[in-house]
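Numbered from 1 within each chain, the chains take letters A, B, ... in sequence-line order. Being a predicted model, the structure only gives us computed values, none of them experimental.
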There are 2 protein chains.
Amino acid sequence: MAKAKRTLKWQRDPEGMRLRILEAAKQEFSAHGLAGARVDRIAAKAGANKRMLYYHVGNKDELYLAVLEGAYDKIRSEERGLDLEHLDPPEAIRRLIEFTWNYFLRNPEFLSLLQTENLARAKHLKKSTKVKSMHSPFVEMIRTVVRRGVDSGDFQVAVDPVQLYISIAALSFFYLSNSATLSVIFGRDLLDKKAKDERLAHMVGLVLAALTGRSAELFKIGKAPTSRAAVVQTV
Amino acid sequence: MAKAKRTLKWQRDPEGMRLRILEAAKQEFSAHGLAGARVDRIAAKAGANKRMLYYHVGNKDELYLAVLEGAYDKIRSEERGLDLEHLDPPEAIRRLIEFTWNYFLRNPEFLSLLQTENLARAKHLKKSTKVKSMHSPFVEMIRTVVRRGVDSGDFQVAVDPVQLYISIAALSFFYLSNSATLSVIFGRDLLDKKAKDERLAHMVGLVLAALTGRSAELFKIGKAPTSRAAVVQTV
DNA sequence: GGAGAAATTAACCCGTTGGATAAATACTGT
DNA sequence: ACAGTATTTATCCAACGGGTTAATTTCTCC
């Protein structure tokens with residue numbers, strides 16, 4: 001009680017608290033799934049009292065949905081910055097594949113969250129009003145690229161943009177989200193540097209070859225193939 | 001105590017019991033994940049006393065691993081019956097894609113189990129000695145097909161069989177295992193008859209086009225494309 | 001400088017759940 | 001027919017986990 005101002009036991013910081021809670025929840029839900037996640041651990045990780053979760057966000061399910069919405073928001077927002085409109089169509093597709101791959105690599109929690117939500121048959125996502133509206137602009141962006149590619153003669157097929165995007169996402173998503181079991185059953189580490197480089201090359205080659213019909217050139221690692229002898233490579 | 005043999009309260013059936021337990025466990029784990037699965041529900045579904053799970057298989061984790069091993073065993077065993085060795089290479093690849101797609105459609109629990117195990121970073125699978133040995137014959141089967149395709153000139157690239165199989169599995173797996181969230185965000189039902197037919201055609205077209213370099217012919221729905229005008233189709 | 005609101009902590013509640021113990025019942029071989 | 005073993009049922013319980021209640025502390029504005 002002297003002149004020294006007594007140290008506070010805690011400070012108020014509602015916005016910061018909410019962010020720390022959501023970040024901690026993202027970690028916890030992606031690491032353990034919905035049922036495996038522990039509310040107490042989220043609180044501890046956020047440096048908060050458990051009560052704070054309910055005060056600032058809601059119960060476990062609401063917390064989970066908030067995390068999920070935030071995750072979709074983040075990837076779609078980054079995708080908008082890709083600026084595919086101004087690229088050569090094949091180059092645009094290549095960039096989309098590379099972005100998707102790298103985004104999944106940089107954000108493994110996103111993959112886990114989607115897996116978890118799909119195990120729940122999208123029960124929570126269906127309640128979200130925000131998420132549905134995020135995606136039509138994205139589909140239109142791809143549709144435009146495909147159309148331009150067809151018109152220019154670069155692409156031989158007018159593929160459905162949704163189908164194409166699902167395939168692009170699939171090639172990266174499955175490889176990464178299932179890398180644990182795949183590494184075990186195939187007995188090789190799919191996440192080391194070399195394997196990852198090869199995977200990216202394989203995916204780009206696969207999709208662009210299918211679209212343009214020029215498989216040998218795209219797949220090749222060394223020089224162009226001779227007439228009947230194929231390029232032997234490990235991608 | 002008359003002559004009528006008193007009705008038994010229960011009968012012995014160790015083998016049948018074990019099978020019913022594993023089947024019930026498969027249902028439960030695939031429907032709710034590892035943490036979400038309830039031991040009591042498995043017992044009830046198997047028409048068994050909870051104690052039986054521990055008596056015949058083991059604790060929750062051991063039960064889960066047994067289910068997982070059984071699932072891998074089943075798909076690899078069916079794959080062995082594909083007899084790809086005696087088919088034209090492009091036809092062999094088509095058949096592998098179609099089999100994979102249909103197997104995943106017929107066995108949705110398999111997809112869920114893999115997702116669950118990957119969320120656990122293959123913690124359980126790593127302990128399995130059986131599973132690792134199941135896969136090398138399968139990889140060799142694909143390697144042979146690719147080599148034959150390259151030799152015959154059907155395929156323009158000697159793709160790595162593991163990489164190829166992962167891509168084939170990915171295209172089906174992601175579409176089906178994530179159909180719940182994808183259907184929500186893209187606003188269309190990806191599991192209705194038409195959508196499924198289109199997906200299969202898309203996948204076969206994508207992979208065979210990339211391997212053979214003849215995308216337009218493979219993708220086409222109607223007649224062959226003219227020189228620069230692409231085939232417009234929704235696959 | 002103090003009253004009222006906002007933010008946070010502390011402590012508790014209570015149904016659930018994986019797992020264990022012990023007793024009962026059905027088989028099997030002799 | 002009966003002893004011994006394999007299989008199954010009936011209970012129990014301690015820990016856990018989501019959520020709640022109530023008290024405490026900090027901040028804001030007059």
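- Here B:A37 lies in heavy-atom contact (under 4.0 Å) with sugar-phosphate atoms only.
- D:dC27 atom P lies 14 Å from atom NZ of A:K9, rounded to whole Å.
- Put simply, OH on A:Y54 is 18 Å from P on C:dA10, counting in whole angstrom units.
- Distance from the side chain of A:Y55 is smallest to C:dT8 among C:dA10, C:dG18, C:dT8.
- Of the side-chain N and O atoms in B:H56, none sit less than 4.0 angstrom from OP1 or OP2 of D:dA6.
- Side-chain atoms of A:R12 lie closest to C:dA6 of the nucleotides D:dG17, C:dG19, C:dA6.
- Two residues are said to be in side-chain contact when any heavy atoms from C-beta on lie closer than 4.5 Å; A:N107 and A:I75 fail this criterion.
- For the pair B:K50 NZ and D:dC13 P, the computed distance is 14 Å after rounding to whole Å.
- Each of B:N49 and A:G58 has a nearest nucleotide on DNA chain D; the 5'-most of these lies closest to B:N49.
- Across the protein-nucleic acid pair, B:E15 atom CD and D:dT7 atom C1' stand 11 Å apart, rounded to whole Å.
- Note on residues 180-190 of chain A: pairs passing salt bridge (charged side-chain N to carboxylate O under 4.0 Å, His left out), not counting sequence neighbours, are A:R188-B:D160.
- For A:R38 and C:dT17, the CZ to P distance is 11 Å, given to the nearest whole Å.
- No more than 12 heavy atoms of other residues, nucleotides or ligands lie within 6.0 Å of CD in B:Q11, so this atom counts as exposed by the packing criterion.
- B:E28 is not listed as a side-chain neighbour of B:Y64, based on a closest heavy-atom distance of 4.5 Å or more.
- A:S167 and B:R199 share a donor-acceptor pair across their side chains, judged by distance under 3.5 Å alone.
- The nucleotide whose nearest atom lies closest to any side-chain atom of B:D40 is, among C:dT9, C:dA26, C:dT17, C:dT17.
- Between the CE atom of B:M52 and the C1' atom of C:dG18 there is a distance of 16 Å, given to the nearest Å.
- A straight line from CE of B:M17 to C1' of D:dT8 spans 7 Å, rounded to a whole angstrom.
- Residue B:N59 has its side chain nearest to C:dG19 when only D:dG17, C:dT25, C:dG19 are considered.
- Comparing D:dG18, C:dG19, C:dA26 by their closest approach to the side chain of B:W10 singles out C:dA26.
- The CG atom of A:D61 sits 17 Å away from the P atom of D:dG17 (whole-angstrom rounding).
- Not a single donor-acceptor pair, N or O on each side, falls under 3.5 Å between the base of C:dA7 and the side chain of A:D13.
- Nucleotides of DNA chain D nearest to A:R51 and A:R41 differ in position, and the one nearer the 5' end is that of A:R41.
- Between the side chain of B:K60 and the base of C:dG19 there is no donor-acceptor pair of N/O atoms closer than 3.5 Å.
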